[in-house]
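One structure below.
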Amino acid sequence: MPEVKSIFREVLPKQGQLSMEDVPTMVLCKPKLLPLKSVTLEKLEKMQMEAQEAVKQQELTSKDQS
């Protein structure tokens, strides 16, 4: 495998200590949109509204028959 010549040359200190710090940084994520109402809550509300309408219809038909 041929050796690739680099433009940059590695420089190491002759005296002292060589150190490198890895500082963790915060990564920002995209905000997640949450529904105001859950799907099950919407289904329950829909069922409740349908039940109330059915009760109103039954009350109206029973008043008409009386």
Side-chain angles (χ1 to χ4, degrees):
M1 197 165 144
E3 216 174 287
V4 178
K5 192 170 184 181
S6 175
I7 298 172
F8 299 105
R9 202 177 50 134
E10 186 176 300
V11 177
L12 296 174
K14 302 283 182 198
Q15 293 180 345
Q17 190 176 13
L18 177 65
S19 67
M20 185 175 129
E21 290 184 27
D22 186 24
V23 180
T25 58
M26 291 182 60
V27 177
L28 299 176
C29 300
K30 258 174 75 174
K32 293 181 174 64
L33 297 177
L34 298 175
L36 295 177
K37 292 184 179 179
S38 67
V39 175
T40 51
L41 181 61
E42 288 180 1
K43 286 181 183 178
L44 287 172
E45 286 180 346
K46 183 179 176 185
M47 288 171 54
Q48 186 177 11
M49 291 291 289
E50 289 172 353
Q52 286 177 348
E53 288 176 10
V55 168
K56 285 181 185 178
Q57 288 294 330
Q58 287 177 355
E59 287 176 354
L60 288 175
T61 55
S62 64
K63 286 182 182 179
D64 289 342
Q65 291 176 356
S66 307

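Position 1 is the first residue of the sequence, and the numbers go up from there.
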Using residues 24-32 as the side-chain source, report each donor-acceptor pair under 3.5 Å to any protein atom, sequence neighbours left out, with the distance given to one decimal.
none

Problem set entry | salt bridge (charged side-chain N to carboxylate O under 4.0 Å, His left out) pairs, two or more places apart, involving residues 35-53 | Lys37-Glu45
Problem set entry | Counterpart residues, side-chain hydrogen bond (donor to acceptor under 3.5 Å, both in side chains), relative to Ser38 (two or more places apart) | Thr40
Seminar exercise, completed: The side-chain contact (heavy atoms from CB on, under 4.5 Å) partners of Glu59 (sequence neighbours excluded) come to Val55
Problem set entry | Enclosure of Leu36 CG (heavy-atom neighbours >12, cutoff 6.0 Å) | no
